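Read the structure below first, then the notes.
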Amino acid sequence: MTAHLIRGPLDASTTPRYTEPSTFARLPRLDEVPSAAVKIIGIPFDSGVSYRPGARFGPGHIRASSKLLRPYNPALDVAPFDVQQVADAGDIAVNPFDIVEALATVEHAATDLTADGARLLTLGGDHTLALPLLRAVHKERGKIAVLHFDAHLDTWDTYFGAPFTHGTPFRRASEEGLIDMERSMHVGIRGPLYGKADLEADGVLGFQIVRSDDYQFDGVRSIIERIHRRMAGGPVYLSIDIDVLDPAHAPGTGTPEAGGMTSRELLNTLRGLVGLDIVGADIVEVAPAYDHAEITGIAAAHVGYELLSVLAANRVS
Ligand SMILES: N=C(N)NCCCC(=O)O
Ligand SMILES: [Zn+2]
Ligand SMILES: [Zn+2]
(Lines give C-alpha, C1' and ligand atoms only; values in the text may rest on other atoms or scores of the structure.)
(Ligands and ions follow the chains in the order given, each with its own letter.)
Protein backbone atom coordinates (compact mmCIF):
# COMPACT_ATOMS: atom_id res chain seq x y z
CA MET A 1 0.00 0.00 0.00
CA THR A 2 1.33 3.46 -0.84
CA ALA A 3 1.59 5.85 2.08
CA HIS A 4 -0.44 9.00 1.49
CA LEU A 5 0.03 12.27 3.25
CA ILE A 6 -2.82 12.80 5.69
CA ARG A 7 -4.79 15.98 5.00
CA GLY A 8 -6.17 17.76 8.03
CA PRO A 9 -8.42 20.78 8.41
CA LEU A 10 -7.74 24.05 6.58
CA ASP A 11 -5.37 26.26 8.57
CA ALA A 12 -7.35 29.08 10.22
CA SER A 13 -4.25 31.31 10.29
CA THR A 14 -4.08 31.38 6.49
CA THR A 15 -7.67 30.67 5.37
CA PRO A 16 -10.26 32.47 7.51
CA ARG A 17 -12.74 30.16 9.21
CA TYR A 18 -15.75 31.75 7.60
CA THR A 19 -14.58 31.13 4.02
CA GLU A 20 -15.26 28.00 1.96
CA PRO A 21 -18.36 25.78 1.94
CA SER A 22 -18.82 23.96 5.27
CA THR A 23 -17.33 20.56 5.87
CA PHE A 24 -17.10 19.14 9.39
CA ALA A 25 -14.20 20.88 11.19
CA ARG A 26 -13.10 22.28 7.77
CA LEU A 27 -11.78 18.86 6.86
CA PRO A 28 -11.29 17.82 3.25
CA ARG A 29 -14.15 16.26 1.33
CA LEU A 30 -13.89 12.54 0.70
CA ASP A 31 -13.33 13.16 -3.03
CA GLU A 32 -10.27 15.28 -2.19
CA VAL A 33 -8.36 12.45 -0.47
CA PRO A 34 -7.30 9.01 -1.72
CA SER A 35 -9.08 7.24 1.13
CA ALA A 36 -10.27 7.90 4.67
CA ALA A 37 -10.22 5.85 7.86
CA VAL A 38 -13.13 7.85 9.26
CA LYS A 39 -15.90 9.26 7.09
CA ILE A 40 -18.40 11.85 8.24
CA ILE A 41 -21.78 11.73 6.53
CA GLY A 42 -24.84 13.88 6.88
CA ILE A 43 -28.34 12.43 6.60
CA PRO A 44 -30.90 15.22 6.27
CA PHE A 45 -33.95 13.17 7.26
CA ASP A 46 -36.64 13.94 9.83
CA SER A 47 -39.73 12.12 8.60
CA GLY A 48 -39.76 9.99 11.76
CA VAL A 49 -40.35 12.71 14.35
CA SER A 50 -43.26 12.77 16.80
CA TYR A 51 -43.12 16.46 17.79
CA ARG A 52 -41.12 19.42 16.47
CA PRO A 53 -39.75 18.84 12.95
CA GLY A 54 -36.51 20.26 11.55
CA ALA A 55 -33.69 17.78 12.25
CA ARG A 56 -33.31 17.43 8.46
CA PHE A 57 -31.32 20.66 8.73
CA GLY A 58 -29.05 19.19 11.41
CA PRO A 59 -26.09 18.14 9.25
CA GLY A 60 -25.61 21.60 7.71
CA HIS A 61 -25.98 23.27 11.09
CA ILE A 62 -23.46 21.00 12.82
CA ARG A 63 -20.94 21.53 10.02
CA ALA A 64 -21.42 25.31 10.18
CA SER A 65 -21.02 25.20 13.97
CA SER A 66 -17.80 23.14 13.75
CA LYS A 67 -15.59 25.77 12.12
CA LEU A 68 -13.87 26.86 15.32
CA LEU A 69 -12.58 23.41 16.30
CA ARG A 70 -8.80 23.26 16.53
CA PRO A 71 -6.46 20.41 15.60
CA TYR A 72 -5.10 19.43 19.05
CA ASN A 73 -7.23 18.00 21.88
CA PRO A 74 -5.40 18.59 25.17
CA ALA A 75 -7.96 16.62 27.21
CA LEU A 76 -6.88 13.39 25.52
CA ASP A 77 -3.44 14.59 24.38
CA VAL A 78 -4.23 13.66 20.80
CA ALA A 79 -4.42 15.36 17.39
CA PRO A 80 -7.46 13.58 15.97
CA PHE A 81 -6.85 14.59 12.35
CA ASP A 82 -3.12 13.71 12.34
CA VAL A 83 -3.17 10.03 13.19
CA GLN A 84 -6.02 9.05 10.88
CA GLN A 85 -7.43 10.50 7.67
CA VAL A 86 -10.84 11.95 8.45
CA ALA A 87 -12.95 13.28 5.57
CA ASP A 88 -16.42 14.67 5.05
CA ALA A 89 -18.41 12.46 2.66
CA GLY A 90 -21.24 14.96 2.23
CA ASP A 91 -24.92 14.12 2.58
CA ILE A 92 -26.96 11.07 1.64
CA ALA A 93 -30.08 12.06 -0.30
CA VAL A 94 -33.03 10.15 1.11
CA ASN A 95 -36.75 10.09 0.30
CA PRO A 96 -38.64 12.26 2.82
CA PHE A 97 -42.02 10.76 1.84
CA ASP A 98 -41.23 7.04 2.14
CA ILE A 99 -39.57 5.99 5.39
CA VAL A 100 -39.00 2.36 4.42
CA GLU A 101 -37.27 3.46 1.23
CA ALA A 102 -35.25 6.05 3.16
CA LEU A 103 -34.05 3.40 5.63
CA ALA A 104 -32.97 1.14 2.77
CA THR A 105 -31.07 4.02 1.13
CA VAL A 106 -29.25 4.75 4.40
CA GLU A 107 -28.37 1.12 5.01
CA HIS A 108 -26.93 0.69 1.51
CA ALA A 109 -25.01 3.97 1.63
CA ALA A 110 -23.54 3.06 5.03
CA THR A 111 -22.57 -0.39 3.74
CA ASP A 112 -20.86 1.11 0.68
CA LEU A 113 -19.02 3.79 2.67
CA THR A 114 -17.61 1.21 5.11
CA ALA A 115 -16.74 -1.47 2.53
CA ASP A 116 -13.09 -0.32 2.66
CA GLY A 117 -12.97 -0.71 6.45
CA ALA A 118 -13.69 2.96 7.21
CA ARG A 119 -15.65 3.95 10.31
CA LEU A 120 -18.67 6.23 9.95
CA LEU A 121 -19.62 9.23 12.03
CA THR A 122 -23.17 10.14 10.98
CA LEU A 123 -24.72 13.56 11.50
CA GLY A 124 -28.54 13.35 11.59
CA GLY A 125 -31.29 13.69 11.01
CA ASP A 126 -33.71 12.18 13.49
CA HIS A 127 -33.17 9.06 15.60
CA THR A 128 -35.02 6.77 13.17
CA LEU A 129 -31.65 6.64 11.37
CA ALA A 130 -30.02 4.54 14.09
CA LEU A 131 -31.91 1.47 12.81
CA PRO A 132 -30.51 1.33 9.25
CA LEU A 133 -27.07 2.33 10.56
CA LEU A 134 -27.17 -0.60 13.01
CA ARG A 135 -28.38 -2.92 10.26
CA ALA A 136 -25.31 -1.94 8.22
CA VAL A 137 -22.89 -2.39 11.15
CA HIS A 138 -24.48 -5.73 12.04
CA LYS A 139 -23.88 -7.06 8.51
CA GLU A 140 -20.15 -6.42 8.99
CA ARG A 141 -19.62 -7.16 12.66
CA GLY A 142 -22.52 -9.27 13.90
CA LYS A 143 -24.30 -8.43 17.14
CA ILE A 144 -23.21 -5.08 18.40
CA ALA A 145 -23.28 -3.44 21.83
CA VAL A 146 -25.18 -0.15 21.62
CA LEU A 147 -24.19 2.75 23.84
CA HIS A 148 -27.16 5.09 23.53
CA PHE A 149 -27.08 8.62 25.00
CA ASP A 150 -30.59 10.07 25.11
CA ALA A 151 -33.26 11.57 27.35
CA HIS A 152 -35.57 8.97 25.80
CA LEU A 153 -35.58 5.19 25.71
CA ASP A 154 -36.50 5.07 22.01
CA THR A 155 -37.71 1.51 22.56
CA TRP A 156 -41.39 2.32 22.19
CA ASP A 157 -43.34 0.04 19.86
CA THR A 158 -45.29 2.18 17.37
CA TYR A 159 -46.67 5.69 16.87
CA PHE A 160 -50.03 5.87 15.04
CA GLY A 161 -49.29 2.26 14.12
CA ALA A 162 -46.02 3.23 12.45
CA PRO A 163 -43.07 0.95 13.35
CA PHE A 164 -40.23 3.14 12.03
CA THR A 165 -40.09 6.43 13.95
CA HIS A 166 -37.57 8.29 16.08
CA GLY A 167 -39.13 6.79 19.22
CA THR A 168 -38.76 3.15 18.12
CA PRO A 169 -35.36 2.38 16.53
CA PHE A 170 -33.88 0.40 19.42
CA ARG A 171 -36.93 -1.84 19.85
CA ARG A 172 -36.74 -2.71 16.16
CA ALA A 173 -32.97 -3.24 16.41
CA SER A 174 -33.41 -5.55 19.40
CA GLU A 175 -36.24 -7.50 17.71
CA GLU A 176 -34.10 -7.89 14.59
CA GLY A 177 -31.28 -9.38 16.67
CA LEU A 178 -28.85 -6.60 15.80
CA ILE A 179 -27.77 -5.70 19.33
CA ASP A 180 -25.79 -7.54 21.97
CA MET A 181 -28.39 -7.73 24.73
CA GLU A 182 -25.79 -8.43 27.42
CA ARG A 183 -23.73 -5.34 26.65
CA SER A 184 -26.05 -2.46 25.65
CA MET A 185 -26.89 0.68 27.63
CA HIS A 186 -28.99 3.82 27.63
CA VAL A 187 -27.35 6.83 29.30
CA GLY A 188 -29.10 10.07 30.31
CA ILE A 189 -32.65 8.76 30.55
CA ARG A 190 -35.15 11.07 32.28
CA GLY A 191 -38.57 12.57 32.07
CA PRO A 192 -42.15 11.33 31.96
CA LEU A 193 -43.05 8.06 30.26
CA TYR A 194 -46.36 6.76 28.90
CA GLY A 195 -46.46 4.24 31.75
CA LYS A 196 -44.36 2.06 34.06
CA ALA A 197 -44.64 -0.69 31.45
CA ASP A 198 -42.28 1.32 29.18
CA LEU A 199 -39.40 0.54 31.55
CA GLU A 200 -40.37 -3.11 31.95
CA ALA A 201 -40.57 -3.54 28.18
CA ASP A 202 -37.23 -1.80 27.77
CA GLY A 203 -35.55 -4.15 30.26
CA VAL A 204 -36.22 -7.24 28.16
CA LEU A 205 -34.86 -5.61 25.00
CA GLY A 206 -31.29 -5.77 26.34
CA PHE A 207 -30.52 -2.31 27.70
CA GLN A 208 -29.23 -1.27 31.11
CA ILE A 209 -30.13 2.27 32.17
CA VAL A 210 -27.93 5.06 33.51
CA ARG A 211 -30.30 7.86 34.48
CA SER A 212 -29.56 11.53 33.99
CA ASP A 213 -29.89 11.89 37.77
CA ASP A 214 -27.09 9.35 38.31
CA TYR A 215 -24.70 12.04 37.08
CA GLN A 216 -25.61 14.15 40.09
CA PHE A 217 -25.59 11.33 42.63
CA ASP A 218 -22.74 9.11 41.35
CA GLY A 219 -20.64 11.37 39.13
CA VAL A 220 -18.96 11.01 35.76
CA ARG A 221 -16.16 8.66 36.91
CA SER A 222 -18.47 6.05 38.32
CA ILE A 223 -20.61 6.14 35.17
CA ILE A 224 -17.56 5.66 32.94
CA GLU A 225 -16.65 2.62 35.08
CA ARG A 226 -20.18 1.22 34.69
CA ILE A 227 -19.96 1.66 30.91
CA HIS A 228 -16.62 -0.14 30.70
CA ARG A 229 -17.80 -2.95 32.98
CA ARG A 230 -20.79 -3.60 30.76
CA MET A 231 -19.36 -2.90 27.31
CA ALA A 232 -15.68 -3.89 27.18
CA GLY A 233 -14.59 -6.90 25.15
CA GLY A 234 -16.38 -6.39 21.84
CA PRO A 235 -17.53 -3.86 19.26
CA VAL A 236 -19.56 -0.86 20.42
CA TYR A 237 -21.84 1.39 18.36
CA LEU A 238 -22.44 4.83 19.81
CA SER A 239 -25.72 6.67 19.21
CA ILE A 240 -25.96 10.16 20.65
CA ASP A 241 -29.27 11.99 20.68
CA ILE A 242 -28.39 15.61 21.41
CA ASP A 243 -31.46 15.86 23.66
CA VAL A 244 -29.48 13.89 26.24
CA LEU A 245 -28.20 17.36 27.10
CA ASP A 246 -30.35 19.68 29.16
CA PRO A 247 -32.32 22.16 27.02
CA ALA A 248 -30.05 24.85 28.49
CA HIS A 249 -27.14 23.13 26.73
CA ALA A 250 -29.05 22.02 23.62
CA PRO A 251 -32.26 23.94 22.98
CA GLY A 252 -32.21 23.14 19.27
CA THR A 253 -33.92 19.78 19.30
CA GLY A 254 -37.35 18.33 18.66
CA THR A 255 -38.35 16.67 21.95
CA PRO A 256 -36.56 18.54 24.74
CA GLU A 257 -36.76 17.31 28.37
CA ALA A 258 -35.72 19.28 31.46
CA GLY A 259 -33.16 17.89 33.93
CA GLY A 260 -30.53 16.79 31.45
CA MET A 261 -26.77 16.49 31.38
CA THR A 262 -24.39 19.38 30.92
CA SER A 263 -22.21 19.40 27.84
CA ARG A 264 -19.20 19.05 30.18
CA GLU A 265 -20.63 15.82 31.62
CA LEU A 266 -21.23 14.43 28.16
CA LEU A 267 -17.81 15.40 26.78
CA ASN A 268 -16.07 13.94 29.83
CA THR A 269 -18.04 10.72 29.55
CA LEU A 270 -17.05 10.42 25.89
CA ARG A 271 -13.37 10.96 26.73
CA GLY A 272 -13.73 8.09 29.17
CA LEU A 273 -14.56 5.72 26.31
CA VAL A 274 -10.93 5.38 25.18
CA GLY A 275 -10.20 1.66 25.12
CA LEU A 276 -13.66 0.62 23.89
CA ASP A 277 -13.79 -0.73 20.32
CA ILE A 278 -16.05 1.94 18.80
CA VAL A 279 -17.02 0.84 15.31
CA GLY A 280 -19.38 3.65 14.36
CA ALA A 281 -21.37 6.54 15.78
CA ASP A 282 -24.19 8.92 15.11
CA ILE A 283 -25.18 12.34 16.46
CA VAL A 284 -28.87 12.95 15.89
CA GLU A 285 -31.85 15.20 16.64
CA VAL A 286 -30.17 18.59 16.13
CA ALA A 287 -32.97 20.86 14.90
CA PRO A 288 -31.52 24.31 14.15
CA ALA A 289 -34.84 26.19 14.01
CA TYR A 290 -35.02 26.01 17.83
CA ASP A 291 -31.33 26.74 18.37
CA HIS A 292 -29.89 30.06 19.55
CA ALA A 293 -26.38 31.35 18.90
CA GLU A 294 -25.38 27.86 17.65
CA ILE A 295 -25.51 26.51 21.23
CA THR A 296 -26.76 23.12 20.10
CA GLY A 297 -24.70 23.08 16.92
CA ILE A 298 -21.53 23.80 18.86
CA ALA A 299 -22.34 21.10 21.43
CA ALA A 300 -22.91 18.59 18.63
CA ALA A 301 -19.69 19.65 16.88
CA HIS A 302 -17.72 19.13 20.09
CA VAL A 303 -19.36 15.76 20.64
CA GLY A 304 -18.17 14.77 17.15
CA TYR A 305 -14.69 16.10 17.88
CA GLU A 306 -14.41 14.08 21.11
CA LEU A 307 -15.55 10.95 19.28
CA LEU A 308 -12.92 11.46 16.60
CA SER A 309 -10.39 12.04 19.39
CA VAL A 310 -11.34 8.76 21.08
CA LEU A 311 -10.90 6.90 17.78
CA ALA A 312 -7.52 8.61 17.37
CA ALA A 313 -6.46 7.82 20.94
CA ASN A 314 -7.42 4.16 20.43
CA ARG A 315 -5.27 4.09 17.32
CA VAL A 316 -2.25 5.65 19.06
CA SER A 317 -2.29 3.32 22.07
N1 LIG B 1 -35.80 10.19 19.82
C2 LIG B 1 -36.26 11.28 20.31
N3 LIG B 1 -35.55 12.36 20.32
N4 LIG B 1 -37.48 11.39 20.84
C5 LIG B 1 -38.42 10.32 20.97
C6 LIG B 1 -39.64 10.87 21.64
C7 LIG B 1 -40.81 10.05 21.32
C8 LIG B 1 -42.11 10.60 21.91
O9 LIG B 1 -42.70 11.47 21.28
O10 LIG B 1 -42.53 10.12 22.95
ZN1 LIG C 1 -34.28 11.85 22.64
ZN1 LIG D 1 -33.59 9.57 20.56
Side-chain angles (χ1 to χ4, degrees), residues 43-59 61-62 99 102-103 106 122-134 146-174 178-179 184-199 201-202 205-207 209-213 215 237-263 265-266 269 280-291 296 299-300 303:
I43 312 184
F45 171 89
D46 64 5
S47 307
V49 301
S50 57
Y51 195 48
R52 296 169 174 174
R56 65 180 59 181
F57 298 111
H61 188 61
I62 299 170
I99 294 184
L103 300 195
V106 172
T122 301
L123 311 176
D126 78 49
H127 223 154
T128 314
L129 297 171
L131 178 61
L133 293 167
L134 284 169
V146 175
L147 179 54
H148 168 219
F149 288 87
D150 204 322
H152 308 100
L153 299 165
D154 289 356
T155 51
W156 286 294
D157 191 8
T158 58
Y159 285 81
F160 293 85
F164 305 116
T165 77
H166 78 154
T168 58
F170 299 110
R171 179 182 288 243
R172 296 289 93 80
S174 182
L178 310 181
I179 70 167
S184 293
M185 284 177 112
H186 305 295
V187 179
I189 299 301
R190 65 187 186 274
L193 300 171
Y194 296 97
K196 198 173 182 164
D198 292 353
L199 286 172
D202 185 78
L205 293 168
F207 288 90
I209 295 178
V210 174
R211 295 168 306 140
S212 181
D213 290 340
Y215 273 88
Y237 182 85
L238 214 65
S239 187
I240 304 179
D241 184 327
I242 205 68
D243 72 29
V244 75
L245 296 179
D246 191 87
H249 294 259
T253 195
T255 48
E257 310 280 349
M261 290 160 63
T262 65
S263 44
E265 286 164 340
L266 179 57
T269 307
D282 60 63
I283 305 168
V284 295
E285 298 284 344
V286 172
Y290 319 100
D291 204 7
T296 315
V303 165

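Note that this is a predicted model, so its numbers are computed, not measured. Counting starts at 1 for both ligands and their atoms, following the listed order.
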Heteroatom N/O/S of Asp243 within less than 2.8 Å of the Zn ion (ligand 3)
no

As a test of understanding, state which of Val244, Leu266, Thr296, Thr262 forms a side chain to side chain contact (heavy atoms under 4.5 Å, CB included) with His249.
Thr262

Atom pair [atom1] ([X]) and [atom2] ([Y]), whose distance is rounded to the nearest 0.5 Å:
X      : Y      : atom1 : atom2 : answer
Leu238 : Ile283 : CG    : CD1   : 9.0 Å
Thr269 : Tyr215 : OG1   : OH    : 3.0 Å
Met261 : Arg190 : CE    : CZ    : 9.0 Å
Thr128 : Leu103 : OG1   : CG    : 7.0 Å

Would a distance-only check, ignoring hydrogens and angles, find a side-chain to backbone donor-acceptor pair under 3.5 Å from Glu285 to His127?
yes

In Asp150, the N/O/S atom nearest the Zn ion (ligand 2) carries the name OD1

Of all N/O/S atoms in His152, which lies nearest to the Zn ion (ligand 2)?
ND1

In terms of residue, atom name and distance, what is the protein heavy atom nearest to [atom]?
atom                    : answer
atom 4 (N) of ligand 1  : Thr255 OG1, 3.1 Å
atom 7 (C) of ligand 1  : Tyr159 OH, 3.0 Å
atom 10 (O) of ligand 1 : Tyr194 OH, 2.5 Å
atom 6 (C) of ligand 1  : His166 NE2, 3.8 Å
atom 5 (C) of ligand 1  : Asp154 OD1, 3.3 Å
atom 9 (O) of ligand 1  : Ser50 OG, 2.5 Å

Hey, is there an N, O or S on His166 sitting under 2.8 Å from the Zn ion (ligand 2)?
no

Hey, is there an N, O or S on Glu285 sitting under 2.8 Å from the Zn ion (ligand 2)?
no

Provide the number and element of each atom of ligand 1 under 4.0 Å from a heavy atom of Glu285.
1 (N), 2 (C), 3 (N)

Does Asp243 approach ligand 1 within less than 4.0 angstrom via side chain, backbone, both or neither, non-hydrogen atoms only?
side chain

Does Asp241 approach ligand 1 within less than 4.0 angstrom via side chain, backbone, both or neither, non-hydrogen atoms only?
side chain

Is it true that the side chains of His186 and Asp202 contain a donor and an acceptor less than 3.5 Å apart?
yes

Looking from the Zn ion (ligand 3), what is the angle between OD2 on Asp154 and ND1 on His127, to the nearest 10°?
90°

When every non-hydrogen atom of Thr168 is compared with those of Pro163, the smallest separation belongs to OG1-O, 2.8 Å

For a side chain to side chain donor-acceptor pair (under 3.5 Å) check, start with the C-alpha distance between His152 and Asp154, then their side-chain angles and the critical distance, and finish with the verdict.
CA-CA 6 Å; His152 308 100; Asp154 289 356; 4.7 Å; no

Could you identify the N, O or S atom of Asp241 positioned closest to the Zn ion (ligand 3)?
OD2

Under 4.0 Å between a Lys/Arg side-chain N and an Asp/Glu carboxylate O for Arg172 and Asp157?
yes

